Structures are given as structure tokens and as C-alpha cells.
There are 2 protein chains.
Amino acid sequence: MLQRPDVEPQERTPAAPRLRKLDSFPGSLAARTYQSLREAILHLAYRPGELLRKGDICAELGVSRSPVSEAIARLAAEGLVDVVPQAGTFVARFSMAEIREGAFLREAIELAAIEMIAPAITEEQLVQLRRNIRVQEALVEDADFAGFYKLDAEMHAMILSFTGYRKLGQVAESAWLHVNRARQQVLPVPGRVAATLEEHQAILVALEARDPDRAREELRWHLRQLMTFLVPLERERPDLFDPD
Amino acid sequence: MLQRPDVEPQERTPAAPRLRKLDSFPGSLAARTYQSLREAILHLAYRPGELLRKGDICAELGVSRSPVSEAIARLAAEGLVDVVPQAGTFVARFSMAEIREGAFLREAIELAAIEMIAPAITEEQLVQLRRNIRVQEALVEDADFAGFYKLDAEMHAMILSFTGYRKLGQVAESAWLHVNRARQQVLPVPGRVAATLEEHQAILVALEARDPDRAREELRWHLRQLMTFLVPLERERPDLFDPD
DNA sequence: CCTTTGTAACATGTTAGCATGTTAGTGTGG
DNA sequence: CCACACTAACATGCTAACATGTTACAAAGG
């Protein structure tokens, strides 16, 4: 059993359940197992670098090893776990290279999407965006940061959905996975949420003007702010990062 | 056993081997199986819509059902196969929607990449591109179309690699999967290869000028040409397509 | 005390067989 | 002839157990 020398010893605690029960999800056992594990990893229920024992997952979810192996293979393909054959499976640690790459991809996708939709955005679509921003404003007043991030994500997803490309949201989310996982480790920065809201408002204004160039620039500026907060994380928490 | 009513009956021929042997690949049996199957699907060794029996794959590769199931799960997550639980697993047919979306994604990624590298492209990188185009020129003279497409793909991969983002080539390739599978069904169009070469040369000129806007426009034009040839394919070969 | 070797514990990989659901074909009844 | 029910064949899903490789720890030797 592998112990990574730069990680604290991992005790076999009688684990508090960390995986949502499978009856919460649709599909085959393997598919359900994948969804439950993925969710837990994305929400940092497992620490980056932590050992994931297939046996423990089987016990917690009440399934045998095959569906768990299938699920792990998919998560490995997504870069969310690292499988060391015959030795251990670890929750992937953050990687600044992957974070940068994910941010690049998401930016490429979102800028292309907003450029595509801006010239011909419908009044209906603008109404939806305005509503979302109205809710964001209320959440900022209430200092409800979790709620705000949810609406933030919804706004981005909405813009992608306006392209009519069905999988684009998924692809962008996949690109954002590693960034988003790390983001949860960054303490809230005073003023950042208010600034984010202003950036969203500027994007809306550009879309209302149906100006693709303006929209691109405002969105690009907005997307690039998060990286400025993630970069110090590697210094503060090297244990969570792969040595790139 | 599922028979799709719009597909010809599928006979159980003693199959000519269609999968590359597993000793060609590294890693676990499951990973090797995945690679061999993926390659076969991408090269259209299996017809879109064709039934893939896990049992036949097990027999051909000489492995049991678990590694095959893992491999199929990964391919399903990539959209290369459709699994109908308890009934059958089918090679994914082309989908014009997925093709369009793949082309959009690839364009977004490649345009972002070329915009990023153009201002500071090195002489060494330009040398590599010039070499590639020199070989392309020779292949066009020799009417070696397969060779030409290989150099075409290498040129695109090269540009992506200049970003320094390690997975970008993979991600762009994933986006291009469905497009590329369909492309193989399009007969060579007279003059298209020569036109492609000219487009490549125009991209190189823009990069030599370190002009990101010009490079973007030349690359965008180039990438959009292929779609003009793919659109009629759906009319000519509806059997290969999902009804989107 | 340090190094090397051997072994047990640990974890994943894979196989063989049972469980479950789907589909096609056949037979029976109206 | 057509519709329905039943059954066998087909295909995948999953489990239990064996196979294989890794790692940590203990013991022996220098």
C-alpha cells in the first residue's frame, strides 16, 4: 500500500459517509457510482492526493468491484484520479499546469460562444440574463456567496446554451473542473464578489448592444480575474499540488 | 439482440480481425483494449451503427469481459459508442449536430492557440512549420493524399504544442473526433488538397509576420472549409447518421 | 547501527459464472 | 390472417474469487 512521502499518513478511520447514495442517480450501477464519486471529488469531500480504496468505496456504496472499476477508469480518463496499477488510486492533486490549461480552454470556448451569439441575441435571451443578474444582485446584498457562485455558474452556462450546441456546457465544465476544484480552497477575497457582479453587468451591457468585440473583451477580463487568486494557492498549500 | 430497423441485418461473419493486437499498446489490459477499440472505431473499421458485441471483442483480443467493459465505458463517455443496457452496444453513428459542435470547439481552441503564440513565435518554431509545409508541398506533387492529411494534422498539432499546454492537442483531437470520422467518408474533391496547402501557407505567412489577427482569420477560413464538404454527406449517406 | 532480504498485507487487474433485461421467433387462439 | 403470449437466444450488468504487482515491516547479517 502506497504512502506518498510528502503526505501525512492516512488513517483508516471508520469513514463518515462521503458518497451520495446511488439511488440519487439514474442508470447502471457503474454509471451511478461514477456520478457519486465524481461529485464527491469535485466538492473536495476527498482531499487532493488522498488514497481512494476501491474496497472502501464498494463497502460504502454496497456494490462489487466491477462497477467501481468502471467508474474509476472514467474518472481517471478525466484526470480526477490517478491510478497506480496494483498499488493505489489517488484523488488527483491540483496542478497549476492543468489549472492554467483549463482556464485557457474555458476562455477559448466561452469567448467563441459569446462572439457567436452576440450579434443575434434574442430579447428572450436577454430577459433570462437580466433575471439572473437581478438574483445575483440580491445575493450580493445578502452576502450569500455560495448562492452567488451558483448564479455565476448558471449565467455562464446560459451563454453557452444560447449557441444551441448541446454539449458545450459539459465541455466547458470539463475544462473548468480542475480550476473549480482549486477555487474552493481560496478564501473569499473582500470586494471580489461585488467586482464579479460588475463584470457580469458589463457583459450584459455588451450583449444588449449586440457588440461581439465588446462582449469578448468584457468576458475575457472577467474570466482572467480568478487566476490572479489561484496563483498564490500553490505557495500556501503545496501539499495539494503536484510538482509540475 | 437488438436489430435497428433502418440498418441492414448484421450477419455473424467469422470476422476478419479488425482490432490491433494488445501487445502493440502499453498499460493494463483494460487500457490496451480501450486504445485498440478506439483506433478501430476512428478508422471506421466498424461501420457507424454497427453492433459491437463484448463477447466477440473478448474472443478477438483474448481477454475477459471486465477489461472490455471498462474500455467500452470510456468509449461511451467519449461518444464513440452507444450502450443500450442489456441489449447491445453500437458504434456511434455520425451526428451532424456533434460534427458542428466538434468543429466549433476545435475552431475555438485553435484560434485561441494561434492568437496566443503569434506575437512571440520563435524562429525555431517557424523553422518547424516551414519544414512541415515543405513536406506537404512534396506530397501534393506526388498526389499522396493520405500522407498529406497526416502532415496537415501534424501542422495543427504543432501549433497547439507551441502553447506549451500539454493536453491541448488531446482536447482538440477529442473535439475533432466526430468530424474526422465523417471526413473519411468524403471522396477527395479535385483541387481541395492544393487549396488546403495554400491555406496552410497563408497561416505560415501570418505567423512569420507575428500578426495574431491575420493568423486567426487565415486559420478560421481554413478550418471552415471542411464543413462545406461534410454537409452533403448526410443527404448521401443517411444510414450513417443519427436523426438529430 | 545500517543494509539487505524475505514475507505478509495491501491494492488493483482479471476471470468465470450467475443475474437481469431485451428481442426475435414460434405457437396458439380468435 | 393477425394479435398476443411464451420461450429461447442474445447481450450486458454484476458478483465472488483468483491472479498479479507493490509496499511496508520485520528479521538477519555485516
Side-chain angles (χ1 to χ4, degrees), chain A residues 1-13 15 22-23 25-37 46 49-77 81-91, chain B residues 1-13 15 22-23 25-37 46 49-77 81-91:
Chain A
M1 201 288 286
L2 192 63
Q3 290 280 9
R4 286 185 162 175
D6 52 349
V7 178
E8 290 172 10
Q10 306 198 10
E11 300 182 355
R12 290 293 293 273
T13 55
L22 295 187
D23 53 18
F25 305 101
S28 67
L29 277 193
R32 293 159 181 242
T33 302
Y34 165 75
Q35 287 162 70
S36 184
L37 271 171
Y46 294 100
E50 181 173 347
L51 177 62
L52 274 190
R53 292 177 186 85
K54 282 183 186 173
D56 288 354
I57 295 164
C58 296
E60 183 169 343
L61 295 178
V63 298
S64 76
R65 298 258 304 294
S66 277
V68 172
S69 290
E70 269 189 49
I72 296 271
R74 284 181 67 185
L75 292 166
V81 300
D82 297 317
V83 181
V84 183
Q86 312 291 349
T89 294
F90 299 87
V91 176
Chain B
M1 200 287 289
L2 192 62
Q3 290 281 9
R4 285 183 161 177
D6 51 350
V7 178
E8 292 172 8
Q10 306 199 9
E11 301 183 354
R12 292 291 296 269
T13 55
L22 294 187
D23 53 16
F25 304 101
S28 66
L29 277 195
R32 294 161 181 236
T33 302
Y34 165 76
Q35 288 163 69
S36 183
L37 271 171
Y46 294 100
E50 180 173 347
L51 178 62
L52 274 190
R53 291 178 187 82
K54 283 185 185 172
D56 289 351
I57 295 163
C58 295
E60 183 169 344
L61 295 178
V63 297
S64 76
R65 298 259 303 293
S66 279
V68 171
S69 289
E70 266 191 46
I72 296 273
R74 284 181 65 186
L75 292 166
V81 300
D82 296 315
V83 181
V84 182
Q86 310 293 349
T89 295
F90 299 87
V91 176

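Just so we're clear, the structure is a prediction, and the values are computed from it rather than from any experiment. Chain A is the first sequence line, chain B the second, and so forth, proteins listed ahead of strands; every chain is numbered from 1.
A distance of 10.5 Å separates CG of A:Leu29 from OG of A:Ser66, quoted to the nearest 0.5 Å. Considering CG of B:Leu51 and OG1 of B:Thr89, their distance stands at 7.5 Å, rounded to 0.5 Å. Going from atom CD of B:Gln35 over to atom CZ of B:Phe25 covers 6.0 Å, rounded to the nearest 0.5 Å.
One interatomic measurement links the two molecules: CZ of B:Arg53 to C1' of D:dG13, which rounds to 18 Å at whole-angstrom precision. Atoms CD (A:Glu70) and C1' (C:dT12) sit 15 Å apart, rounded to a whole Å. Summarising the geometry, the separation between CD on B:Glu50 and C1' on D:dA11 is reported as 15 Å, rounded to the nearest angstrom. Atoms CG (B:Leu51) and C1' (C:dA24) sit 14 Å apart, rounded to a whole Å. The interatomic distance linking A:Arg32 (CZ) with D:dT12 (P) rounds to 20 Å, in whole Å. A:Gln86 has its CD atom 16 Å from the P atom of C:dC10, to the nearest Å. Here the C1' atom of nucleotide D:dT20 and the CG atom of B:Leu29 are 11 Å apart, to the nearest Å. Between the CZ atom of B:Arg65 and the P atom of D:dC14 there is a distance of 11 Å, rounded to whole Å.
Taking side-chain N and O atoms only, A:Lys54 has a distance below 4.0 Å to OP1 or OP2 of C:dG13.
Distances were taken from every side-chain heavy atom of B:Ala87 (C-beta onward) to each of C:dT22, D:dT15, D:dT12; the shortest belongs to C:dT22. In the set C:dG13, D:dC14, D:dT12, the nucleotide with an atom closest to the side chain of B:Thr89 is D:dT12. The listed nucleotides are D:dG21, C:dT14, D:dG13; the one nearest the side chain of B:Ser28 is C:dT14. Closest contact between the side chain of B:Ala30 and the listed nucleotides D:dT12, C:dT14, D:dC14 involves C:dT14.
Across all strands shown, B:Ser66 has heavy atoms under 4.0 Å from base atoms, whether or not it also approaches the sugar-phosphate.
Between B:Ile72 and B:Leu37, the closest side-chain pair of non-hydrogen atoms falls below 4.5 Å.
In this structure, a donor-acceptor pair under 3.5 Å is present between the side chains of A:Lys54 and A:Ser69.
With hydrogens and angles ignored, no donor-acceptor pair closer than 3.5 Å exists between the side chain of B:Ser64 and the base of C:dT14.
Comparing A:Pro85 and A:Gly27 by the nucleotide of DNA chain D that holds the closest heavy atom to each, the one mapping nearer the 5' end is A:Gly27.
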